[in-house]
Amino acid sequence: MAAERYNAPAREKHWQKVWDKGRIFEASDDESRPKCYVLEMFPYPSGRIHMGHVRNYAMGDVFARYKRAKGFNVLHPMGWDAFGMPAENAAMERKVHPGKWTYQNIDTMRGQLKSMGLSLDWSREIATCAPEYYQHQQKLFLDFLKKGIAYRKSSKVNWDPVDHTVLANEQVIDGRGWRSGALVEQRELTQWFFKITDYAEELLRDLDTLTNWPEKVRLMQANWIGRSEGMLVRWALDEKTAPQGAGELEVYTTRPDTLFGASFLAVAADHPLAKAASENNAELAEFCEECRRMGTSVADIEAAEKRGFDTGIRATHPFDPSWPLPVYVANFVLMDYGTGAIFGCPSGDQRDMDFARRYDLPVVPVILPPGEDAATFTLKNKAYEDDGVMINSRFLDGKSTTEAFEEAASRLEKQKLAGKPQGTRKVNFRLRDWGISRQRYWGCPIPIVHCSDCGVVPVAEKDLPIKLPEDATFDKPGNPLDRHPTWKNCSCPKCGKAATRETDTMDTFVDSSWYYVRFTAPKAATPVDKKSAQYWLPVDQYIGGIEHAILHLLYSRFFARAMCDTGHLQFATNTREPFAALFTQGMVTHETYKSQDGYWLLPNEVKFEGEGASRHAVEAASGRPVTIGSIEKMSKSKKNLVDPDDIIAHYGADCARWFMLSDSPPERDVIWTEAGVAGAGRFIQRVWRIVEDIANAYPSADEQAKPATFGPEAETVRKAAHRAMDQVGKAIEALRFNVAVAQIHEFANVLQAALTKAADGKAPPGLDWASREAARFLVTMIGPMMPHLSEECWARLGYNTLLANEPWPDIEAALLVDDQVTIAVQVNGKRRDELVISRSAGSQEVEAAALALEAVSRALEGRPVKKVIVVPQRIVNVVG
RNA sequence: GCGGACGUGGUGGAACGGUAGACACACAGGACUUAAAAUCCUGAGUUCGAAAGAGCGUGUGGGUUCGAGUCCCACCGUCCGCACCA
């Protein structure tokens, strides 16, 4: 009788219901058990889930289910990053309220995630757009404000002209808005900021403790924070040339050692000194204006030449009162880094060199590169920026760069200018404070009131939440809250007079900066239930895309600390890191298809003909030729999408999951192919057949009645089973899912071969018991990856428990090693033969056996043996 | 420009400094079938050879080592991040 095929779509629904009904994935705080918090980056409810989600959540689910089986109390929650621009765009385009649109999407996507069979605790579901969530965020904001972590200031900000809102520095990529892609403009606005710079030092230092984070992400964050050690140096300005009241100019430098190579000073166009000097100098004013107009896009900066304008002001060298230097306004000096002013040392900095050559300023080499002769060393147009020995530097001559730094720094510290030290050591960071004001509707309202008498007043806590008005309009661009007829009218919490609300909302990255904390007690009356947070945090394994390497991950690291400092959060251990381990998975890619007329085609609009090199595609409907394009990230614009729903309906969720986990290492991109999915589908049927065969052939083997001895066939099966179990566990632990899949394949091959052989004749001794055990192992080890299939197999084997609740089996260590080992035999490093020998054989025994091999003596060609290296149980190398 | 990662068969990829190519996809041959599908078995880095076997093989060139895909140096290529940060 031919075995029934496993009907994945039907059985998957069944098991999902069983799990759901048993509420087996709901987590509770249980101090007596070791916890494991597994989290995947929660999705933005854009409409439907895509394959990227499937990959992300499949990985997280394997890890979560595995940890469950290993006895951990697992927290594996899911929620929605539900505020954001697309909802407002939808409102503008389709006249649907952002809230309605968002919740509809959430319903759709929740259904899709449920069809994946994820071991999620849905009782903890949160949506950041719900007042039940954002009211706590408003409370956090008020406490940040009290503590000085939130503040308001006027500054130049990035303005996205398409989304009509401000963007944080982290959200500007190559001069464009991260979401809209529009060229960002600079605008002077009063905005709310979070003082992330107060944490710069800690955020940088603690990167070292994140040993379970990808090196790449840590490096990116370190570069973003951008720490540099240097000095603030004050230069006296010549009274006769300086504007009134401007007695000195402070510059920031990381190279006080090169002070004797200085040939000019330069300030940014927006520097106060530039402004003062412009007052009586129309030409200079015009130059400053030109600098301000200069674009900030990459192309603009690359095209821009180093240009400057001599202000006529002269400064005095700190180490030589008789040495005057010109002060320029220069277009390459940034106002918002350091002091907005520099001293230029052309020989030690390429930008200064370019500038000096253009304006014919002196170029004095002060650092001699190793191996160069001081007498002959010259610099053309290339600055030497590395370390060496000081020259042309008076009291610094002969010192190393480091020594010279110290000497110059300590002299400047002692030296006085106008009664104060001329130089002070200063650590500078590239990181800027996080601007969180957004001129949008669909975000968390900032709980602030503006009163004409009292100024900026925080909303009283009893008045939280400040809810969004339902009846906003979206028919034109701009901030719907600001133009709402009544919403912003309120009374001042301090004096009671008529006042107006803050109409800006918070950056949606604020919402996602603490959701992982909220998951630990999603219904608590306060933002955080400290006890629950202490039990569950930090997240043990966080999984998501590399695109958040800086944005979300840096903000979250800051937020955890800010929440600690405002008394909301406390970690059980000596850390303030929210994510103990991070894994960044690769993207899902697919071939692209273009029609003759040049428009993109969906994969299911294309039909393939031929194989290998002659493979080509035609339009399924018309038969017209199609160009197969490059493999790219699945995207709507290129139409190279495969809908998870279609795959799940046709092949089942297990198949999609298994394919995603096979072959490609999880950190790399995976190419979605129809053939690959079909292959995964075949393996599912294969597992089902193996289990059916065993269940039919050995329906009643008693697990307790383990035979005392096993025949060689049974022994082989047992070894393969225990080894695979061991390897698969280790691979999952290390998130090496592709390796786990390969181990399972290998084991299935061994098992199937043994069964096929046994079917020919009478069953060898112990194979019945070993096969039952092997089936049990096989089903358990595929459990985390293909939970429905394995549940079905578990039942087919006659168990009336749920596999999802079963522990990971114990492994017999004795079965992991062989009595006999195969050792490779090399002659002069080249493999010539191999040797099967007892595992316990000593070096001398192995050596003797190796030298006795015919292949060895042949390879030696009569040369005497000089040396024999024996690596026990691995290899022998005969050197001759 | 600065910083980083990567480079292995037709393809995706395995490989504590120790038998390179596990496992899979695709391919070829065979079995079963009236036939197909499904399934099962076998083969395969490459060159020479009937075979046994030998040579060559992890981007290129050097080096360290008894032994290098793995470590070091230089170069080539691909990808990623930052980008006038003083």
Side-chain angles (χ1 to χ4, degrees), chain A residues 2-3 5 173-175 214-224 226-228 230 251-255 258 266 268 294 298 301-302 304-306 330-334 336-345 348-352 354-355 385 428-432 546 549-550 611-613 615 659 662-665 667-671 673 675-680 682-683 685-686 689 736 738-749 752-753 756 822-835 855 858-859 866-871 873-880:
Chain A
R5 285 177 66 80
I173 319 283
D174 292 342
E215 188 59 43
K216 180 186 168 76
V217 174
R218 291 157 64 188
L219 195 75
M220 279 168 71
Q221 292 214 355
N223 289 340
W224 187 264
R227 183 181 196 275
S228 65
V251 308
Y252 178 70
T253 180
T254 54
R255 299 296 299 271
T258 65
M294 193 176 73
V298 181
I301 288 168
E302 272 179 4
E305 286 177 88
K306 304 275 171 288
N331 65 349
F332 66 94
V333 180
L334 305 172
D336 61 355
Y337 187 80
T339 62
I342 61 158
F343 84 81
C345 172
D349 184 289
Q350 192 55 46
R351 290 159 306 176
D352 298 346
D354 295 346
F355 192 80
E385 301 185 344
N428 224 338
F429 292 95
R430 207 188 77 109
L431 184 70
R432 297 275 90 92
I546 185 78
I550 291 174
E611 308 266 332
R615 175 176 178 263
F659 171 72
S662 309
D663 293 345
S664 284
E667 69 279 6
R668 278 196 223 169
D669 291 352
V670 62
I671 305 170
T673 62
V677 182
R682 281 198 297 275
F683 183 70
Q685 297 302 335
R686 190 159 164 232
R689 276 195 307 275
R736 292 165 53 83
N738 58 323
V739 177
V741 165
Q743 296 288 346
I744 292 171
H745 274 133
E746 206 168 336
F747 170 44
N749 288 344
Q752 178 152 9
T756 307
T822 306
I823 293 178
V825 181
Q826 296 181 332
V827 175
N828 292 332
K830 256 195 172 68
R831 181 183 168 279
R832 293 296 172 184
D833 203 349
E834 58 187 32
L835 197 58
R858 194 176 347 122
K866 286 188 198 141
K867 199 163 145 190
V868 179
I869 287 137
V870 179
V871 180
Q873 293 153 38
R874 282 215 168 263
I875 205 163
V876 182
N877 191 10
V878 180
V879 185

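Atoms considered below: every heavy atom in the structure, side chains included; atoms not considered: hydrogens, waters and symmetry mates. As the structure is a computational prediction, the values presented were derived from the model and not from experiment. Naming: A, B, ... by sequence-line order, numbering from 1 per chain.
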* Between A86(B) and Tyr252(A), is there an OP1 or OP2 to side-chain N/O distance shorter than 4.0 Å? -> no

* Asked: What stem regions, each of at least 3 consecutive Watson-Crick or G-U pairs below 3.5 Å, can be found for RNA chain B?
  -> B:1-7 with B:76-82, B:10-12 with B:23-25, B:27-31 with B:39-43, B:45-48 with B:53-56, B:59-63 with B:71-75

* Asked: Which of these nucleotides, C25(B), C84(B), A22(B), is closest to any side-chain atom of Ala675(A)?
  -> C25(B)

* Asked: What does Ser662(A) touch in the nucleic acid at a heavy-atom separation under 4.0 angstrom: a base, only the sugar-phosphate, or nothing?
  -> nothing

* Closer than 4.0 Å, any side-chain N/O of Arg227(A) to the OP1 or OP2 of C85(B)? -> no

* Asked: Counting side-chain heavy atoms from CB outward, which of G18(B), G4(B), G55(B) is closest to Arg874(A)?
  -> G18(B)

* Partner set under side-chain hydrogen bond (donor to acceptor under 3.5 Å, both in side chains) for Asp349(A), not counting sequence neighbours -> Arg351(A)

* How should the glycosidic conformation of G9(B) be described, syn or anti, under the criterion that syn lies within 90° of 0? -> syn

* Structure fact -> Hits for side-chain contact (heavy atoms from CB on, under 4.5 Å) against Ile671(A), two or more places apart or cross-chain, chain-then-number order -> Thr589(A), Ile631(A), Thr673(A)

* Using the side-chain contact (heavy atoms from CB on, under 4.5 Å) rule, take Arg832(A) and Val878(A) through it: C-alpha gap first, then chi angles, then the decisive distance, then the call. => CA-CA 10 Å; Arg832(A) 293 296 172 184; Val878(A) 180; over 6 Å; no

* Asked: If you look at every strand shown and take non-hydrogen atoms under 4.0 Å, does Thr673(A) touch a base, only sugar-phosphate, or nothing?
  -> nothing

* **C1' gap between G30(B) and C16(B), integer Å** => 41 Å

* **salt bridge (charged side-chain N to carboxylate O under 4.0 Å, His left out) involving Arg858(A) - partner list, sequence neighbours excluded** => Glu854(A)

* Picking from G12(B), U19(B), C85(B), which would you name as closest to the side chain of Leu334(A)? -> C85(B)

* To do: On RNA chain B, check which nucleotide each of Val876(A) and Leu219(A) is closest to and give me the residue with the more 5' one.
  => Leu219(A)

* Structure fact -> Rounded to whole Å, the CG-P distance (Asp663(A) to A22(B)) equals 13 Å

* Is Val741(A) touching bases, backbone alone, or none of the nucleic acid, heavy atoms closer than 4.0 Å? -> nothing

* To do: Let me see the working for Val879(A) and Asn828(A) under side-chain contact (heavy atoms from CB on, under 4.5 Å), right down to the final yes or no.
  => CA-CA 5 Å; Val879(A) 185; Asn828(A) 292 332; 3.7 Å; yes

* Structure fact -> By nearest-nucleotide position on RNA chain B, the 5'-leaning member of Arg668(A) and Gln685(A) is Arg668(A)

* Separation of C16(B) C1' from Gln873(A) CD (nearest whole Å) -> 13 Å

* **cation_pi(Lys306(A), Phe355(A)) dist<6.0 Å, angle<=45** => no

* Structure fact -> Ranking A86(B), G12(B), C23(B) by distance to the side chain of Glu746(A), first place goes to C23(B)

* To do: List in chain and number order the residues that pass ring pair (Phe, Tyr, Trp, His ring centres under 6.0 Å) with Tyr252(A), two or more places apart in sequence or in another chain; answer none if no residue qualifies.
  => none

* **Atom-to-atom span, CD1 of Ile671(A) to P of A26(B) - whole angstrom** => 15 Å

* Can you tell me the distance, in whole Å, between the CZ atom of Arg432(A) and the C1' atom of C82(B)? => 15 Å

* Would you say Arg430(A) reaches A83(B)'s phosphate, i.e. side-chain N/O to OP1/OP2 under 4.0 Å? -> yes

* Partners of Asn428(A) by side-chain hydrogen bond (donor to acceptor under 3.5 Å, both in side chains), sequence neighbours excluded? -> none

* **Span that lies between the P atom of A20(B) and that of G4(B), in whole angstrom** => 33 Å

* Is any side-chain heavy atom of Ile342(A) closer than 4.5 Å to a side-chain heavy atom of Tyr337(A)? -> no

* Between Phe683(A) and Ile744(A), is any pair of side-chain heavy atoms under 4.5 Å apart? -> yes

* Asked: So does Arg682(A) get a side-chain nitrogen or oxygen closer than 4.0 Å to the phosphate oxygens (OP1/OP2) of A26(B)?
  -> yes

* Could you tell me which residues satisfy side-chain hydrogen bond (donor to acceptor under 3.5 Å, both in side chains) with Gln685(A), sequence neighbours excluded, listed by chain and number? => none

* Asked: Separation of Arg218(A) atom CZ from G81(B) atom P, in whole Å?
  -> 20 Å

Listing time: all N or O pairs from protein to nucleotides 77-80 of chain B that are below 3.5 Å?
from   : atom 1 : to        : atom 2 : distance (Å)
C80(B) : O2'    : Lys216(A) : NZ     : 3.0

* With sugar-phosphate meaning primed atoms plus P, OP1 and OP2, does Lys866(A) contact a base, only sugar-phosphate, or nothing at under 4.0 Å between heavy atoms? -> nothing

* Measure from the side chain of Arg351(A), starting at C-beta and using heavy atoms only, and say which of U19(B), A14(B), C85(B) lies closest. => C85(B)

Do any N or O atoms of the protein come closer than 3.5 Å to N or O atoms of nucleotides 40-43 of chain B, and which pairs are they?
from   : atom 1 : to        : atom 2 : distance (Å)
C40(B) : OP1    : Gln752(A) : NE2    : 3.3

* Kindly write out the residues that satisfy ring pair (Phe, Tyr, Trp, His ring centres under 6.0 Å) with Phe659(A), not counting sequence neighbours, or none if the list is empty. => Trp672(A)

* Asked: Listed by chain and number, what are the salt bridge (charged side-chain N to carboxylate O under 4.0 Å, His left out) partners of Arg686(A), not counting sequence neighbours?
  -> none

* Asked: Arg832(A) has a side chain; which of C82(B), U19(B), G55(B) sits nearest to it?
  -> G55(B)

* Answer with base, sugar-phosphate or nothing: what part of the nucleic acid does Asn738(A) contact at a heavy-atom distance below 4.0 Å? => sugar-phosphate

* Structure fact -> For nucleotides 57-72 of chain B, 5' to 3', base contacts (B), sugar-phosphate-only contacts (S) and non-contacts (-) with protein non-hydrogen atoms under 4.0 Å give ---------BS-----

* Under a 4.5 Å cut-off applied to non-hydrogen side-chain atoms, are Val217(A) and Ile546(A) in contact? -> yes

